[in-house]
2 protein chains.
Amino acid sequence: MATRAEIIEAAWEQVRASGLAALSLRDLARSVGMQPPSLYSYFDSKNDIYDAMYAQGAQQFLDEQRAATVATDDPLTALKAITHFFVEFCAADVARYQLLFQRTIPGFEPSPASFKISQDSLAELATLLARCGVSDPAMVDLCTAIGTGLADQQLSNDPGGDRWIRLIDDAVEMFYAHITSKVDKPKRRRRAR
Amino acid sequence: MATRAEIIEAAWEQVRASGLAALSLRDLARSVGMQPPSLYSYFDSKNDIYDAMYAQGAQQFLDEQRAATVATDDPLTALKAITHFFVEFCAADVARYQLLFQRTIPGFEPSPASFKISQDSLAELATLLARCGVSDPAMVDLCTAIGTGLADQQLSNDPGGDRWIRLIDDAVEMFYAHITSKVDKPKRRRRAR
DNA sequence: CGCAAACTCCTAACTATGTTAGGAGAACCT
DNA sequence: AGGTTCTCCTAACATAGTTAGGAGTTTGCG
């Protein structure tokens, strides 16, 4: 009766309710009407379940990132759209955020296949940013830092609220003003001694 | 032979080596020359050990934050000092960062006494920021988001390196330009419909 | 069809975990 | 000196992930 997809869906529910690290194979098995060892017909180990969840989350990220891309010539509008997508994607599911973006499960790291999905997302993000005039790698890093910072604070200190989400537009305007001013007056930093 | 302090120190070593969530009472006991149940003479539970570590980490944060405060009239210099302290404090110890700033251990949350230390730190931080001209709560939130974003990216994607640490000055200048420009031309946002 | 391989699910059991029970011996305090 | 408390032990328990091994069903192919 239970398929891989059903098990993963049940795992998401459990993880959203009790926390990512609190996933229990016994509870998971019962919730799909199985005995615990029967899960091993579908997955090699608990970490293999995490890996399947990781792959699914990364794919959602990739799909939704593409869907969130707006067709506009205004870099600021595009940047805001990207940042909104990112922060709200993270805020929508703490457990998914922890799984994808934090390394919190002791023995777990994504398989190469799953990790590749994440890397593809990152590559597309870099392309999007470049199209907005953000091509300096340092500015890409700064931009991702702003995004993760907003997401992290939102999840840590106001889960379910919008205390940091409502700062997104302001933050992006700040960042955009910064990179455009840099183009005008470059080489402000002094040479190393 | 072993005291509370020795046990906590050994716990930090184990946690730094194997990850925060991988702390094992058996390994911990052996590393201080005890049998596992003997730890219960010093701590009520594993989470009680985490709590003691949390308190110690929060105290370190408070102390080092005070030490990092520079006596200067220049808000930008002061802001840079604060941000440098914060990001480098986080980057210095992943496990400590996870314990203090992320909620990753399933059943753990800090005791009121331990949490108070964190709140005191935050209150002092707010005072410091206010002295730099950052008094709007939204701008305080934006500032902390930038700090945690830099720290989070540094730890997640370049642990031990300086890929985001070296962006700190630039990020603070960006933020400072943002808040000063807001003072000059306020009320840029249009009224809600 | 017939038969073997593969799949799905089970019970029983192994190892490791945090934790409790209960007791022996040392240290401390009137 | 005598009782209390502290420190540490062994034995044991519940729960976790996992493995072994075997039923019953499904599937693939001659």
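As a basis for the values below, the full set of heavy atoms in this structure was taken, side chains included, without hydrogen atoms, waters or symmetry mates. Since the model is a prediction, treat every value here as computed from it, not as a measurement. Letters A, B, ... mirror the listed sequences (proteins, then strands); counts begin at 1.
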- Is the phosphate of C:dT8, meaning OP1 or OP2, less than 4.0 Å from a side-chain N or O of A:Tyr40? no

Closest of C:dC9, D:dT18, D:dC8 to the A:Pro36 side chain is D:dT18

Checklist entry - Does the pair A:Gln153 and B:Thr144 meet the rule for a side chain to side chain donor-acceptor pair (under 3.5 Å), with working shown? => result CA-CA 8 Å; A:Gln153 288 291 91; B:Thr144 60; 3.0 Å; yes

ask   = Judged by atom type as modelled, is there a donor-acceptor pair below 3.5 Å linking the side chain of B:Tyr50 to the main-chain atoms of B:Leu20?
value = yes

When rounded to whole Å, the CG to P distance for the pair B:Leu39 and D:dT7 reads 13 Å

Within residues 44-52 of chain A, those residues having any heavy atom closer than 4.0 Å to DNA chain D are A:Ser45, A:Lys46

With B:Arg96 as the cation and B:Phe61 as the aromatic partner, state whether NZ or CZ is under 6.0 Å from the six-membered ring centre and within 45° of the axis.
no

B:Ile7 CD1 to C:dG18 P, in whole Å, measures 14 Å

Side-chain contact check for A:Gln35: nearest option of D:dC8, C:dT11, D:dA12 is C:dT11

Comparing nearest nucleotides in DNA chain D, the 5'-proximal residue of the pair A:Asp27, A:Pro37 is A:Asp27

For A:Ala151 and A:Cys90 the tightest heavy-atom approach is CB-CB, 3.7 Å

Separation of D:dA16 atom P from B:Arg26 atom CZ, nearest Å, is 16 Å

Could you tell me whether the phosphate oxygens of C:dC10, OP1 or OP2, come under 4.0 Å of any side-chain nitrogen or oxygen in A:Ser38?
yes

Of B:Thr77, B:Ile82, B:Leu167, B:Thr83, the one forming a side chain to side chain contact (heavy atoms under 4.5 Å, CB included) with B:Val172 is B:Thr83

In whole angstroms, the gap separating C1' of C:dC10 from CG of A:Leu25 amounts to 17 Å

Per atom distances to the A:Ser41 side chain, the nearest of D:dT18, C:dA21, C:dC9 is C:dC9

Here the distance between atom P of C:dT19 and atom CG of B:Leu23, to the nearest Å, is 10 Å

**Message:** Less than 4.0 angstrom from a charged side-chain N to a carboxylate O is my criterion; do B:Glu9 and B:Arg16 meet it?
**Reply:** yes

Taken to the nearest whole Å, CG/B:Leu28 to C1'/C:dA16 is 16 Å

Ranking D:dT18, C:dC9, C:dG18 by distance to the side chain of A:Tyr42, first place goes to C:dC9

A:Arg30 CZ to C:dC9 P, in whole Å, measures 15 Å

Atom CZ of B:Phe43 and atom C1' of C:dT19 are separated, to the nearest Å, by 16 Å

Would you sort out whether B:Tyr54 and B:Ser111 count as a side chain to side chain donor-acceptor pair (under 3.5 Å), showing the intermediate values? CA-CA 9 Å; B:Tyr54 182 99; B:Ser111 64; over 6 Å; no

